[in-house]
Amino acid sequence: MTDSRDKAPKNRSAEWFGLMDKDGFNHRSWMKNQGLPNHLFDGRPVIGICNTWSELTPCNAHFRILAERVKRGVYEAGGFPLEFPVMSLGETLMRPTTMMFRNLVSMDVEESIRANPLDGVILLVGCDKTTPALLMGAGSCDLPTLAISGGPMLNGRFRDQQIGSGTHVWKFDAMVKAGEMSLQDFMDAESCMSRSVGHCMTMGTASTMASMVEALGMGLPSNAAIPAADSRRNALAHMAGRRIVEMVREDLRMSKVLTRQAFENAVRTNGAIGGSTNAVIHLLAIAGRMGVEFTLEDWDRLGVEVPCLVNLMPSGEFLMEDFYYAGGLPAVLRELGEGGLLHKDALTVNGQTMWDNVAAAETWNREVIFPLAEPFKPQGGVAVLRGNLAPGGAILKPSAATPALMQHRGRAVVFEDIDDYKARVDAPDLDIDETCVMVLKNCGPKGYPGMAEVGNMALPQKILKQGITDMVRISDARMSGTAYGTVALHTAPEAAAGGPLALVQNGDMIELDVKGRRLHLDVSDSELAKRRAAWKATAPVNERGYAKLYQDHVMQADEGCDLDFLVGASGAPVPRESH
Ligand code: FES
């Protein structure tokens, strides 16, 4: 090899490509079958492009183009890009739920990075779980890392009406059930909703997590909102490719960016965007991988009083494309910073502080991005509820709930699991009215398994036909980020793990008091003890494969649902030579 390699700073990849022996020969020679010239092995930073492209993940189906743009930037800055695939998670197709596989993907990412000659990593993330999964896996390795989100789809339009991913599916479905929309019109709306590359364009989980990437400092400014189909998304990928090479030279590792300050910024940002409840679980899991002290309580303490500044579906009326044109996340971060709600000096991947990045951001449309002094909604964050029904906590998103229901006492109508719910919810003889509290059990991390997004269970048809659109609902499930309603989610411990939710019976009275942060089952302790003694676990048990590993080791929602043996960063030392 050439002298230039000897003069270069020693990168991790030099332990593979810099060896002047049989092993070095092997490492270089086989790579050269791709037409790679000698000089690429001279010690320059090797950048892994971790790609979740898949035609089974439609939200990430444009990622090969994005990866090519990253490569341009990496080459331009003197790096050596190598793209590698990891398992992809497509929200709309995978069963039982992508959430079950989030941790598996994180293991795929972690081991792919650790086992290979990489000095820095670009994470291509988009559809809901791909973002946390890749951040978790990369976090465990702690190399210089930069995330690029794939960007939201263009606004949906159906018969000259703006329609949002997910949000309008729930709305239209309820309208069909209430007899207000024909099935033909419902089918016609399909192609009008998803009309370009990109992920859900509501402020659902994907857009929330893309915003979290930016608020955490893990993405370049404007990462969250540039539409996938906008040429500026490709330019962002190009710039990210240039920047990751510099990050390797600066040794700007993930742990220098993902500090407690970064997580606090993310929680407040989630409040300001009225973000998805799923972010609660994902950020807890990412912090766990980084060894950052960060708990469910932080969500309530830091985030719930942050007003919602953006008028985006599902809580509002606009969509991500509008958000970008209005100024995007930098404009929101500036509002937070000016209101004293941002750690301005938190470091970001471009080497600048958060405030350096957003201080000059402008808002171009005040119907979309509201000022902090006159917010869109007074509360945008997540309320953490506790009580004898949720000793480990449950969460509720006030901005998606009906104000009149946030203090409510009602009779429980219990569904033992999702099959029971599906079988009985529309039965004409179901004993329920709009004052009841719908309770769904066995949909938590172990119970489903995977903690499906069924917590916003549709109301019974006979209730919908009365024109009623919301009721109090409680479960150990999650809820789609595009959904809405007065829904207490993530109840911990879950029913399948023997949490108090398992003991609720039809006719019990339940009290929800969001202001008092209380979720109470009005049943005596002695009666609950009797029910506990008679309780038997009913959740299906997987006997093999990843599902077994998952069920055996998944932690509860208040701990981020990671596998217990994956928590804590371990870095990416060079594994022992295998040849
Ligand atoms: Fe992929 Fe919504 S289905 S982001």
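Remember, predicted model here, so these are calculated numbers, not experimental data. Both counts, for ligands and for their atoms, begin at 1 and track the order of listing.
- Side-chain atoms of D558 never come within 3.5 Å of backbone atoms of L296 as a donor-acceptor pair (strictly under, hydrogens ignored).
- Proximity to H199 (heavy-atom distance under 4.0 Å) selects the following atoms of ligand 1: 4 (S).
- Ligand 1 places these atoms under 4.0 Å from at least one heavy atom of E91: 3 (S).
- For ligand 1 and A206, the ligand atoms under 4.0 Å from any heavy atom of the residue are 4 (S).
- Residue contacts with ligand 1 for C127 involve both N, CA, C or O and side-chain atoms from C-beta outward (heavy atoms, distance under 4.0 Å).
- Under a 4.0 Å criterion applied to the non-hydrogen atoms of C59, ligand 1 contributes the atoms 1 (Fe), 3 (S), 4 (S).
- Note on R159 versus D185: salt bridge recorded, some NZ/NE/NH1/NH2 to OD/OE distance being below 4.0 Å.
- Short contacts between ligand 1 and T92, defined as distances under 4.0 Å to a heavy atom of the residue, involve ligand atoms 3 (S).
- Relative ring orientation between F263 and F294 is described as tilted, the plane-to-plane angle lying within the 30° to 60° band.
- The ring-ring contact (aromatic ring centres under 6.0 Å, His included) test with F370 is passed by exactly one of F323, F318, F376: F376.
- Both the backbone and the side chain of C200 come within 4.0 Å of ligand 1, judged by heavy-atom distances.
- Ring geometry for F172 versus F186: interplanar angle over 60°, hence perpendicular rather than tilted (30 to 60°).
- With hydrogens and angles left out, the side-chain atoms of N51 and E83 include a donor and acceptor closer than 3.5 Å.
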